[in-house]
Amino acid sequence: MPELPEVEVTRLGLAPLINGTVYNVEVRNFSLRWPVNPNLKKILSSQKLISLSRRGKYLLADFSNGYLIIHLGMSGRISIVSEKKLPIKHDHIDICFKVDGNKKILRYNDTRRFGAMIWTDDNPFNHKLICTLGPEPLSDEFNTDYLFDIVKRKTQPIKSTIMDSHTVVGVGNIYASESLFLASIRPQRQSQKIKKKEIRVLVGSIKIVIQKAIERGGSTLNDFYSVNGQSGYFQNEHKVYARENECCTNCNGKIYLLKIAQRSSFYCKKCQI
DNA sequence: TTTATAACCTGAACGC
DNA sequence: TGCGTTCAGGTTATAA
């Protein structure tokens, strides 16, 4: 489910909890990708949520006494619900806030439990999961010279390179396919054989695709919904992703499916070289 | 050092 | 209808 745009949409949706104070935490299942801190309830009790930021696909919840690092994995979802709403299957964690006298529950649901909720009282940017991440795709740091310097040393397919969070964060399977289509580059091309002028176009394409997806509220395929339960709309603009055997919107040719690093990759043989 | 693969877990979709 | 198989948006650890 969540790639960078979906995580950003989630972050923005959680804004009503800022300045709220935690009055209860209920962990129904501690077994996420990494075990949830068994003392989380004690740690967060009476703490104030100061701000919410994002680094790649990680949400960073800044509390008075430390940070909660949240990753949604493949099927994680966060919603704000009322106290009356009963938990359903896979609702693993509730963090209960009092905000301006009102009670609001941050509810974490994750069917496949590939997500994570990690407590740290250190600077989260020093955390081993965060400190090795590549630049944000929309930042100036992610530019032609930067990416070209990386790809010229890589023999792996370009799609694998741009999906590597150490190269650039937030480009998952959907947006990798879409960005490569926009840049007219086949996903299986060997990274080091791609010319600098193509890398320039690719960098621009990644920025465009990510920016547009954020503006559309992310992509809702099977299970992404924002905090308010709204679906995203960017899936309506997918040019190649999940469109095997359909017509290319550009040339009317056929969209092909190819497995790269065990992941489905979609491309047009005519438009992408 | 780089690249490929297995693993984590659940449920939907599909074929027989 | 029911069972078995395959596949899915992410990321890390391990093997090659």
Side-chain N,O (R263(A)) to OP1/OP2 (dC7(C)) below 4.0 Å:
no

According to ring-ring contact (aromatic ring centres under 6.0 Å, His included), who are the partners of F63(A), at least two apart in sequence or on a separate chain?
none

Taking the P atom of each, how far is dC9(B) from dT14(C), in whole Å?
16 Å

Whole-Å distance separating the CZ atom of F266(A) from the C1' atom of dC7(C):
11 Å

Between CE of M163(A) and P of dA8(C) the distance, given in whole Å, is 12 Å

Looking only at side-chain N and O atoms, does K259(A) come under 4.0 Å of OP1 or OP2 in dA4(B)?
no

Applying the side-chain hydrogen bond (donor to acceptor under 3.5 Å, both in side chains) criterion to K159(A), which one of S177(A), S265(A), S179(A) satisfies it?
S265(A)

Applying side-chain contact (heavy atoms from CB on, under 4.5 Å) to N252(A) and not counting sequence neighbours gives C247(A)

With I162(A) as reference, evaluate L202(A), V151(A), I150(A) under the side chain to side chain contact (heavy atoms under 4.5 Å, CB included) test and give the passing residue.
L202(A)

Candidate nucleotides dT12(C), dG10(C), dA8(C), ranked by approach to the side chain of K57(A) - the nearest:
dG10(C)

In whole angstroms, how far is the P atom of dG9(C) from the CD1 atom of I210(A)?
15 Å

Quick check on side chain to side chain contact (heavy atoms under 4.5 Å, CB included): which of L60(A), L129(A), I69(A) does R55(A) satisfy it with?
L60(A)

Applying the Watson-Crick and G-U wobble criteria at under 3.5 Å, what pairs with dC3(C)? Answer none if nothing qualifies.
dG15(B)

Under 4.0 Å: is that the gap between some side-chain N or O of K154(A) and OP1 or OP2 of dT2(B)?
no

To the nearest angstrom, how far is R55(A) atom CZ from dT11(C) atom C1'?
15 Å

Gap between atoms NZ and P, on K128(A) and dT11(C) respectively (whole Å):
15 Å

Roughly how many Å is it from CG in L257(A) to P in dG9(C), rounded to a whole number?
10 Å

Measure the distance from CD on Q188(A) to C1' on dA4(B) and round it to the nearest whole Å.
17 Å

What is the distance from CD of E178(A) to P of dG9(C), rounded to the nearest Å?
13 Å

dG9(C) to dC14(B) separation - P atoms, rounded to the nearest Å
16 Å

Counting only side-chain nitrogens and oxygens, does S75(A) get under 4.0 Å of the OP1 or OP2 atom of dG10(C)?
no

Above 12 or not: heavy atoms from other molecules or residues under 6.0 Å from CD of E141(A)?
no

Partner nucleotide of dC9(B) by Watson-Crick or wobble geometry (both distances under 3.5 Å):
none

Taking the cut-offs as 6.0 angstrom to the six-membered ring centre and 45 degrees off its axis, would you call K103(A) and Y23(A) a cation-pi pair?
yes

Give the B/S/- string for nucleotides 5-11 of chain B, one per nucleotide from 5' to 3', where a protein heavy atom under 4.0 Å of the base yields B, of only the sugar-phosphate yields S, and otherwise -.
SB-BBBS

With respect to the side chain of H166(A), which nucleotide from dA13(C), dT12(C), dG9(C) is positioned closest?
dT12(C)

How are the rings of H71(A) and Y58(A) set relative to one another: parallel (under 30°), tilted (30 to 60°) or perpendicular (over 60°)?
perpendicular

